[in-house]
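Everything numeric here is computed off the predicted structure, so don't read it as measured data. In the text below, chain A, chain B and the rest are named by the order of the sequence lines, each starting its count at 1.
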There are 2 protein chains.
Amino acid sequence: MGVEAKKFKRNHRIVFICQYLMEHPNQLVTLSFFADYFDSAKSSISEDINFVRDVFQENDLGDIRTVAGVSGGIIFYPTIQDRDLKDLFQRVAKKMQSGKRVLPGNYIYMGDVLQDSDILNRLGKLIASRYQQSGVDAVMTIETKGIGLAVAVARYLNVPHVVVRRDSRDAEGSTISISYLSGSLQTVNKMELSKLALAPKSKVLVVDDFLRNGGTIFGLLSMLEEFECQLAGVCVFAENTDQEKQKLPPHESLMKIQMVYNPEIEHFELYTEPGSFFQDQAFEPFTTSLH
Amino acid sequence: MGVEAKKFKRNHRIVFICQYLMEHPNQLVTLSFFADYFDSAKSSISEDINFVRDVFQENDLGDIRTVAGVSGGIIFYPTIQDRDLKDLFQRVAKKMQSGKRVLPGNYIYMGDVLQDSDILNRLGKLIASRYQQSGVDAVMTIETKGIGLAVAVARYLNVPHVVVRRDSRDAEGSTISISYLSGSLQTVNKMELSKLALAPKSKVLVVDDFLRNGGTIFGLLSMLEEFECQLAGVCVFAENTDQEKQKLPPHESLMKIQMVYNPEIEHFELYTEPGSFFQDQAFEPFTTSLH
C-alpha cells in the first residue's frame, strides 16, 4: 500500500508538472515552486521533470531546459509535432478550399482561416518555436487582421504583443507616428504607436497575416527605428507571389499564394505552396489550387 | 523489468494525454485517437484518462467529461485555480500600479495590461470557464483593443473570434454595416462586419476591454440582430463606474474602476474593485487605489 501511494503521488506530480509547463511556455519555473506545491523534496521533483522532459522529447513536443544558478529553474520551449504540422496545413487547405476566396479587386479573403482558434494556436506555436531562442522581447503587428496571429505567437513566446494603429481615435497617451508608402495604392499612409506600448531597445518579432507589396512591413520597420528597437525577424502567414515587384523587406512566410486567371471558368484561381519558412525542410506542408 | 517497462508506458501515456488535452480545450477527442497513437487497448487509455481526470479535479484545473455514443470521446473543460486567480489579479494590480494610468481627457491607459501574454491567457481561461457550458459558437469584439482578450477567450472555448471593424478599408467581401450612438461623444458612428465572418443564427459571446457608456456594446448587440444571432453574454475586462449614467447593456465585468480627483496631488486617482463577474463568489480578487 505504501508503495502504491507513493507511485500515485509520482504520477500525480507528473501530470501537474506537465499541465503547468504547458500553461507557462517560455517562462522560468523554479523547482521550489513544485516542491512547495507538493511538499516534496527537490530531488523527487527533479526526477519528475526529467521524466516529463523525456516524454516531451520522444514525442517531439518541445524541450525542457535547465537554467542553473541561484535564480535557476526550468523553461519549457514548445515545438509542434510533424504530424500536427501536417494536420494543421491540411486544415488550412481544407478551409481555404471552401467558399469563394478571390474577392472583387482580386483581394484574397482569409479572415475565417485566421479566426479559427485551433489553427491560430498551432500557427502561434509553429512561429514561436522558430524564434524562441532569439531573445524576442515583443511581437509587433499592425491592426487589424494580424492581431490574432500576433497574440498566438506572443502567448507561446511569453512576451507582450504590440499593436501599431492606423488611426488611434482612443487616447493612448503620447504616440510616435510615421508616414509610409502603401505598396498597393502608392499612397502615403500614417501609422502610430503609443510610447507606453513598447520599451525602447526591445528586440521585436514582426508578425502579419499577409504580405502583398511590403509597404506595411517597411512601415513597421521604420517604426522600430523610431523606438530604437532591434528586429528579430519578420514572419507572415501568407505572401502573394503574383507580380514581379519592387524590393520586399526581408521576411519569412508560411505559404505562398499565386492568383492565376482561368479563362475557362472566367475567374481567378489560387495556387498555394509552402513559404520560405519551410525552405530548409524536406517536409512539404501542401501544394494545392483553390478558387 | 517487464513491470517497470509497463509502468513507464503508463506514465508516458499519462503525460501525453495531459499535454494533448491542454492543447485541445473544449474539443472532442476520441479514445481511438490515443489508442492508435500508443497502439494500446482502449481500456488502458480509459484508465489513463480517469487518472488525469482525478488529478485535474483534485487540483481544480478543470473537468474531463465523457461523451457517450458512436461519435463519443472526451472533452476537457479548463478552469482556473483559485490560487492562480489570486495571482492573476495581483499581477494585474501590480501592473496597474506602475506608470501613469490617467491620461489627458481622463482616459485610463490599460494597453500594457492586455498586451501581457500571461495575463491575457489567464483572463481568457477565466472568462471561457464561465461560458463553456453555454454552447457559444463565436466570440465577438470590436477592433482594436479588445481583440487580444477575444482571441484568448476564443482559444479556450475553441470557437472563432470575430472582429467588428470601425472602418474596413481592406476588402472583406460584402459587409453588414450599422450606425450606433457612441456614448461618450454622443455622435453617430458606424461599425461593420464581413458577411463571411459570422454564420447566421450563431450563439455569440461579446468580449471587450472596457465599458464606459455602453455605446459600443449596444452597437455590437444591434449587429448581432442583423446576423440573426443569439447572445450568450457580454463580458468586459473593466468598467468605469464613475458617473451615474444612462442605461447600460446587460453585462459582466471583471473589475470596476472609479476615477476620483485628489485635490492634494491635483490628479485623478483610480480605485478598483472586483466586478460583477465575481458577485456570487466569496473571493475578493483585489481592492486597491492607483494613480
Side-chain angles (χ1 to χ4, degrees), chain A residues 7 10-12 14-16 18-19 21-24 27 51-52 54-56 58-59 61 99-100 103-105 107 109 111-112 115-118 120-122 125 138 143-145 147-148 150-152 154-163 165-173 194 196-197, chain B residues 7 10-12 14-16 18-19 21-24 27 51-52 54-56 58-59 61 99-100 103-105 107 109 111-112 115-118 120-122 125 138 143-145 147-148 150-152 154-163 165-173 194 196-197:
Chain A
K7 290 251 169 62
R10 172 109 205 250
N11 282 357
H12 188 114
I14 285 171
V15 168
F16 185 86
C18 172
Q19 73 76 26
L21 295 178
M22 301 290 298
E23 281 293 271
H24 300 83
Q27 214 163 315
F51 182 78
V52 176
D54 289 347
V55 177
F56 279 9
E58 279 167 43
N59 293 279
L61 299 169
K100 212 173 136 189
L103 299 176
Y107 275 93
Y109 181 74
D112 57 341
Q115 276 178 359
D116 184 299
S117 286
D118 194 50
L120 213 47
N121 187 54
R122 287 193 264 179
K125 202 197 297 185
E143 62 179 359
T144 301
K145 293 186 186 168
I147 299 179
V151 169
R155 187 260 177 286
Y156 278 104
L157 289 175
N158 187 36
V159 297
H161 74 278
V162 174
V163 179
R165 312 284 297 262
R166 287 206 162 90
D167 163 33
S168 74
R169 68 182 76 194
D170 305 315
E172 303 195 67
S194 167
L196 299 168
Chain B
K7 289 251 170 60
R10 170 109 205 250
N11 281 357
H12 188 114
I14 285 171
V15 167
F16 185 87
C18 172
Q19 72 76 27
L21 294 178
M22 301 292 297
E23 281 293 270
H24 300 83
Q27 213 162 318
F51 181 78
V52 176
D54 289 347
V55 177
F56 280 10
E58 280 167 42
N59 293 280
L61 299 169
K100 211 172 138 190
L103 299 176
Y107 275 92
Y109 182 73
D112 57 341
Q115 276 178 0
D116 184 300
S117 286
D118 194 50
L120 213 48
N121 187 54
R122 287 193 262 179
K125 201 196 301 186
E143 63 180 359
T144 301
K145 293 185 185 167
I147 299 178
V151 169
R155 186 260 177 289
Y156 278 104
L157 289 176
N158 188 36
V159 297
H161 74 278
V162 173
V163 179
R165 312 284 296 264
R166 288 208 163 89
D167 164 31
S168 74
R169 69 182 77 194
D170 305 314
E172 301 196 69
S194 167
L196 298 167

Exercise. Between B:Phe51 and A:Asn11, what is the shortest heavy-atom contact and its length?
Worked result: CZ-CB, 3.1 Å

Problem set entry | Top contributor to chain B contacts, counting heavy-atom pairs under 4.5 Å, from A:Leu61, A:Asn59, A:Val163 | A:Asn59

Exercise. Can you say whether A:Gln27 sits under 4.5 Å from chain B via the side chain, the backbone, both, or neither, judging by heavy atoms?
Worked result: side chain

For this session: Identify which of A:His24, A:Arg122, A:Lys125 forms the greatest number of heavy-atom pairs closer than 4.5 Å to chain B.
Result: A:Lys125

For this session: List the atom of B:Cys18, the atom of A:Val15, and the distance in Å for their closest heavy-atom pair.
Result: SG-O, 3.6 Å

Problem set entry | Residue pair A:Gly148 / B:Val151: nearest heavy atoms and the distance that separates them | CA-CG2, 3.8 Å

Exercise. Who wins among B:Leu157, B:Leu196, B:Val162 for the most heavy-atom pairs under 4.5 Å with chain A?
Worked result: B:Leu196

Exercise. Between atom NE2 of A:His12 and atom CD1 of B:Ile14, what is the distance when rounded to the nearest 0.5 Å?
Worked result: 11.5 Å

For this session: Check ring-ring contact (aromatic ring centres under 6.0 Å, His included) between A:Phe56 and all other residues, then give those that pass, not counting sequence neighbours.
Result: A:Phe76

Problem set entry | Heavy-atom contact with chain B under 4.5 Å, split by part of A:Val159 | backbone

Problem set entry | Side chain to side chain, A:Ile147 and B:Thr144, heavy atoms closer than 4.5 Å | yes

Problem set entry | Residues in side-chain hydrogen bond (donor to acceptor under 3.5 Å, both in side chains) contact with A:Asp116, at least two apart in sequence or another chain | A:Arg91, A:Lys95

For this session: Report the distance from atom CG of B:Leu120 to atom CZ of A:Arg155, rounding to the nearest 0.5 Å.
Result: 9.5 Å

Exercise. Contact part of A:Leu21 toward chain B, heavy-atom cut-off under 4.5 Å: side chain, backbone, both or neither?
Worked result: neither

For this session: Go through A:Glu143 and B:Arg165 one step at a time and tell me if the side-chain contact (heavy atoms from CB on, under 4.5 Å) criterion holds.
Result: CA-CA 10 Å; A:Glu143 62 179 359; B:Arg165 312 284 296 264; over 6 Å; no

Problem set entry | Shortest non-hydrogen contact from A:Asn158 toward B:Ser117 | CA-CB, 4.3 Å

